[in-house]
Amino acid sequence: MLPPYEKVAVANSSLDIRDQLDHHRHRAVAIRKRHTAFGLVIAAAGVGLMWTAIGTTSMADALRNPELEGYFYRFLFGILVILCAVLYIRAAYRRTEKKFSRISKRLIVPPLVDSMVSGAEYPSDGTNGRLGCSYNADGFIPASELLKFPIFGRLSKAEKYTGENHFIGTLGAADFQMSEISAYRVERQYDSDYKRKEQFFEGLVLIADLPHDFGGTTVIETRKGKTSGSLQRAGEALDGITYDFDREFRVWTTDETTARDLLQGDMLEKLARLRGQFPKNAMSICLHEGKLAIAIHRVDLLEARGMKLDEDSIRNTYDEIHSILDIVDLLHLNTRTWHRPAT
């Protein structure tokens, strides 16, 4: 069982982390102010161009008199300069916020996940000693691991495969990996310099080796949500789970018996909770030959908006990660789900 937020929050209330966050926030604000000042200087230059054009002659005269056309174009150029200044300031704001969000994520999420995993409690079965995880900010799940799942088959066509925020750990007897992944290829049109980016997947992925042996493949997919590419399916469509579940999810399986054994009680509740944490994002869950994969499209854990990171943001990130690890937790413990003994 995963620990409650209160226990995790106490373990992660380090003053050192908060001091580092404050340092990076103040630095980001200072950088943003410098960019804003530079943008305002550019905007002032644009206003100056417009003012000199207006002060020299009227726009009506400039349009009628060819000799004064230069003032009219100066006025238009001044407007263009102001627009460029606004876009520059806006881009600077977004860039500094994105950088602060990335730094915040790397400071808070790793100890948060580690505390959740290492603080999990299970019956005395010899697995507690394997609880814990490691973190690599620049690492990611290898493509070879994802290609073991049918839903990621199209990733073999990707020319560019990158990621970040890689977690490797053990929850009970289940080994897992989690990271953000981006896979795509760039196609150049024939006899043209135009390039088209084909995105296969972008988002958060968790994979786990479960301590139970079960056959077949079951794919659970949300009906709605933002996608970054289409993942594959396997087997035949399966309906009639429950009315509420069928409204939110679609199911395909190569083993109907295993799928129906899986999609009962606690699992339906965990999937509904997972969906509630990511209501706007498409997701796919795949169980394949003793392995689990959860893919959530276009998700950004602990996104700091406006360089504000409060307790609610951290609690929301805890709930998001908890809802993902909860699936692993349930499948690890619920040996009744599998109709074949563990090997």
Side chain of [X], backbone of [Y]: donor and acceptor closer than 3.5 Å?
X: Thr254; Y: Thr217; value: yes
X: Gln199; Y: Ala183; value: yes
X: Gln277; Y: Ser323; value: no
X: Asp246; Y: Gly240; value: yes

Seminar exercise, completed: From the list Lys224, Arg275, Arg223, salt bridge (Lys or Arg N to Asp or Glu O under 4.0 Å) with Glu248 holds only for Arg275
Exercise. How about Tyr184 and Phe200: are their ring centres within less than 6.0 Å of each other?
Worked result: no
For this session: Assess the pair His35 and Tyr88: is the distance between their ring centroids shorter than 6.0 Å?
Result: yes
Are any non-hydrogen side-chain atoms of [X] and [Y] less than 4.5 angstrom apart?
X: Thr257; Y: Asp261; result: yes
X: Thr242; Y: Leu263; result: no
X: Tyr135; Y: Asp114; result: no
X: Val117; Y: Leu325; result: yes
X: Ile141; Y: Met178; result: no
X: Asp319; Y: Arg273; result: yes
X: Thr253; Y: Leu262; result: no
X: Val113; Y: Cys133; result: yes

Counting only heavy atoms not in [X], do more than 12 fall under 6.0 Å of its [atom1]?
X: Arg185; atom1: CZ; result: yes
X: Arg90; atom1: CZ; result: no
X: Glu236; atom1: CD; result: no

Taking all non-hydrogen atoms of both residues, which atom of [X] and which atom of [Y] are closest, and how far apart?
X: Leu231; Y: Ala295; answer: CD1-CB, 3.9 Å
X: Phe152; Y: Ala293; answer: CE1-CB, 4.0 Å
X: Ala234; Y: Val219; answer: N-CG2, 4.1 Å
X: Glu159; Y: Val186; answer: OE1-N, 3.3 Å
X: Gly39; Y: Ala85; answer: O-CB, 3.3 Å
X: Arg260; Y: Ile241; answer: NH1-CD1, 3.9 Å

Indicate if [X] and [Y] have the same hydrophobic cluster label, given that clusters are the connected sets of ILVMFWY residues with side-chain heavy-atom separations under 4.5 angstrom.
X: Leu292; Y: Phe167; result: yes
X: Met283; Y: Val328; result: yes
X: Ile220; Y: Phe201; result: no
X: Val299; Y: Phe249; result: yes
X: Leu204; Y: Leu206; result: yes

Exercise. Can you say whether the rings of Phe149 and His288 are parallel (under 30°), tilted (30 to 60°) or perpendicular (over 60°)?
Worked result: tilted
Problem set entry | Short N-O contact, Lys148 and Glu289, less than 4.0 angstrom | no
Exercise. Taking NZ, NE, NH1 and NH2 as the nitrogens, is one of them in Arg154 or Glu198 under 4.0 Å from a carboxylate oxygen of the other?
Worked result: yes
Exercise. From Arg25 CZ over to Thr96 OG1, what is the distance, rounded to the nearest 0.5 angstrom?
Worked result: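 If we round to the nearest 0.5 Å, Arg25:CZ and Thr96:OG1 are 12.5 Å apart.
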Problem set entry | The single option from Ile207, Asp209, Val205 passing side-chain contact (heavy atoms from CB on, under 4.5 Å) against Gln177 |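 In the set Ile207, Asp209, Val205, the residue that makes a side-chain contact (heavy atoms from CB on, under 4.5 Å) with Gln177 is Ile207.
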Problem set entry | Full working for side chain to side chain contact (heavy atoms under 4.5 Å, CB included) between Ile324 and Ile296 | CA-CA 10 Å; Ile324 297 170; Ile296 307 175; 3.9 Å; yes
